[in-house]
Number of protein chains: 2
Amino acid sequence: MASFENMENRDLNRCENCIIRQMHSFRALRKDELKAMSDSKETRQFKKGEPLFKEGDRLAGVFCVRNGISKLSKISDNGKEQIVKLATKGEILGQRSVITSEQTNLSATALEDMEVCFIPKSHIENSLHDNPAFTNAVLKHMASELKIADDTIVNMAQKTVRQRLAEVLIYLHTNFGTDEDGYLYLQLSRSDIADVVGTATELLIRTLTNFRKEGLIITSGKRIKIIDNKLLNQLIQGHS
Amino acid sequence: MASFENMENRDLNRCENCIIRQMHSFRALRKDELKAMSDSKETRQFKKGEPLFKEGDRLAGVFCVRNGISKLSKISDNGKEQIVKLATKGEILGQRSVITSEQTNLSATALEDMEVCFIPKSHIENSLHDNPAFTNAVLKHMASELKIADDTIVNMAQKTVRQRLAEVLIYLHTNFGTDEDGYLYLQLSRSDIADVVGTATELLIRTLTNFRKEGLIITSGKRIKIIDNKLLNQLIQGHS
DNA sequence: TGGTGCAACTGACATAAGTCATGTTTTGCA
DNA sequence: TGCAAAACATGACTTATGTCAGTTGCACCA
């Protein structure tokens, strides 16, 4: 019986032991909260291209990413998609909508096969109500997201496509890393990169081509490798 | 003595009685918290054009706007100013920096003569620590700001200057209202409007001129009056 | 294994936005 | 009240971005 308990304690499928928890506000949750959460959570698989949820949905809970990468995007009034954020292992999706009890303002779509835990919103609501440490952690996290969002607004409004692409490449490098050959690990389609940068696919491709000709990057199929990190960073700042 | 107490209770300079409190997370504060806050707050005047704080400052507290309007802006790497938000009566400035204990990422500048209460950050920190209702109210507020920020990102990335200007005019109308003649109450300089829209002053002026020629607005000096609200709204959505 | 279809790419052109120069009006103030 | 500075406005031009039309190349599968 003791050994059974030990096994349960080590079960990585339990929220209590989930590595994801190390990374975010969930670390502020108490043992009993995690246990309750784990007992009612539901692990789901999403295939590449499948939607986790769509803009306007009312979410019955939040999604905790265990594996894979998802894009959070929105269709503008002009009908074009804009990717607002890429969410990877450890990110919680749908938290904001649950906090404000509103419909989601973004769609989430799997960019790779994903493994995601769905946690009914009652758990989040209860913890927000009962556990001030958790609420504070969520608040801090949201405050820092807001800061990032402000920076993005300024970038979108004031920077050229060249600068924004340079920024996205650096972002992909620092956040998702590279494979053994030094190519960006995350292989987005040209069209998805364009949707992150906020431009048309053709111009995105042209700009990538220019970067290649200028020796800033190397491409191989859809794979991209950053060669001149320094110049790329200079580009982001001053013009050129 | 009783009458003295009554007078103090009715004193509108006390946080407990401040109308501003009705509007925001401060309504979740308890009597004792408000009293402590009121006893150490400091009311300051800012003249039009004066900075409340600058990007990179470490704030010793938050600013609560009692009167007047302030712009929150940031200088992009390219050296141009982008206005991220206009804050008016009842808004709390600097809250995010206090929550994350970081430097501010935005500058705040008075666009009109302002009256602002400065509240030392210890009060906010204490209430975040002791008063879950307050923390939850702040969290909800921040979540809704984040949603607005996401929408702004999409607009900046995907909409034309014409569309963004139309949006700003509607925003100024619904949020700050009009004077007795129906002109927008808030008289921003052309350059400030350009910094909100995210474009050059010349293009902003040209676009305003076009709107005037198309019968969407009337201008008189720096005053602007919206004539065709409906067309302006259509412009924001579909192209034209 | 040879289509079929989609993603990646390129060229040519149209439109949007930015910049520089310059004139005009308003505003603040000595 | 009159002058200087700042804000507003417009023209002419350059550059950035978007769009359409088409070609190439690669992966998938009947």
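In this text, all values refer to a predicted model and were calculated from it rather than measured experimentally. To find a chain, count down the sequence lines: A is the first, B the second, and so on, and within it residues start at 1.
For the side-chain hydrogen bond (donor to acceptor under 3.5 Å, both in side chains) test, no residue two or more places apart in sequence or in another chain qualifies with A/Asp195. Under the rule for a side-chain contact (heavy atoms from CB on, under 4.5 Å), the partners of A/Lys41 that lie at least two apart in sequence or sit in another chain are A/Cys15, A/Ser38, A/Thr43, A/Cys117, A/Ile119. For B/Asn233, the side-chain hydrogen bond (donor to acceptor under 3.5 Å, both in side chains) partners at least two apart in sequence or on another chain are B/Asn229. In terms of the side-chain hydrogen bond (donor to acceptor under 3.5 Å, both in side chains) criterion, B/Lys140 has no residue partners (sequence neighbours excluded).
For the pair B/Leu203 CG and C/dT15 C1', the computed distance is 12 Å after rounding to whole Å. Note: CG (A/Leu111) to C1' (C/dA7) measures 16 Å, nearest angstrom. Between the C1' atom of C/dA16 and the NZ atom of B/Lys159 lies a distance of 17 Å, rounded to the nearest Å. A straight line from CZ of A/Arg162 to C1' of D/dA16 spans 12 Å, rounded to a whole angstrom. Taking atom CE on A/Met156 and atom P on D/dA16, their separation rounds to 19 Å, with Å as the unit. Counting to the nearest Å, the P atom of D/dA27 and the CD atom of A/Gln187 are 12 Å from each other. Rounded to whole angstrom, the span from the CG atom of B/Leu165 across to the P atom of C/dG18 amounts to 13 Å. In this structure, the CD atom of B/Gln163 is 13 Å from the P atom of D/dG18, given to the nearest Å.
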| field | Sugar-phosphate or base contact per nucleotide [nucleotides 8-14 of chain C; S, B, -; heavy atom under 4.0 Å] | value | SBBBB--
Less than 3.5 Å apart, which donor and acceptor atoms pair up between the side chains of residues 173-181 of chain B and the rest of the protein, not counting sequence neighbours?
from     : atom 1 : to       : atom 2 : distance (Å)
B/Thr174 : OG1    : B/Ile170 : O      : 3.1
B/Thr174 : OG1    : B/Tyr171 : O      : 3.3
B/Asn175 : ND2    : B/Tyr171 : O      : 3.0
B/Asp179 : OD1    : B/Asp181 : N      : 2.9
B/Asp179 : OD1    : B/Gly182 : N      : 3.1
B/Asp179 : OD1    : B/Tyr183 : N      : 3.0
B/Asp179 : OD2    : B/Arg223 : NH1    : 3.0

Donor-acceptor pairs under 3.5 Å, side chain of residues 208-220 of chain B to any protein atom, not counting sequence neighbours: which ones?
from     : atom 1 : to       : atom 2 : distance (Å)
B/Thr209 : OG1    : B/Ile205 : O      : 2.9
B/Arg212 : NE     : B/Thr219 : OG1    : 3.1
B/Glu214 : OE1    : B/Arg162 : NH2    : 3.1
B/Glu214 : OE2    : B/Arg162 : NH1    : 3.1

Between side-chain atoms of residues 45-56 of chain B and protein atoms elsewhere (two or more places apart, or another chain), which donor-acceptor pairs fall under 3.5 Å?
from    : atom 1 : to      : atom 2 : distance (Å)
B/Glu50 : OE1    : B/Lys47 : N      : 2.8
B/Glu55 : OE1    : B/Ile75 : N      : 3.4

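Across its full length, the helix from C/dT1-D/dA30 to C/dA30-D/dT1 shows an angle of 30° between the axes of its 5 terminal pairs at either end, rounded to 10 degrees.
Counting only heavy atoms from C-beta outward, the side chains of B/Asn105 and A/Lys147 approach each other to under 4.5 Å.
Between A/Glu102 and A/Arg58 there is no salt bridge, since no side-chain nitrogen of the basic residue lies less than 4.0 Å from a carboxylate oxygen of the acidic one.
Two residues, B/Arg164 and B/Lys48, neighbour DNA chain C, and the one matched to the more 5' nucleotide by heavy-atom proximity is B/Arg164.
Under 4.0 angstrom from either OP1 or OP2 of D/dT17 there lies no side-chain N or O belonging to A/Lys80.
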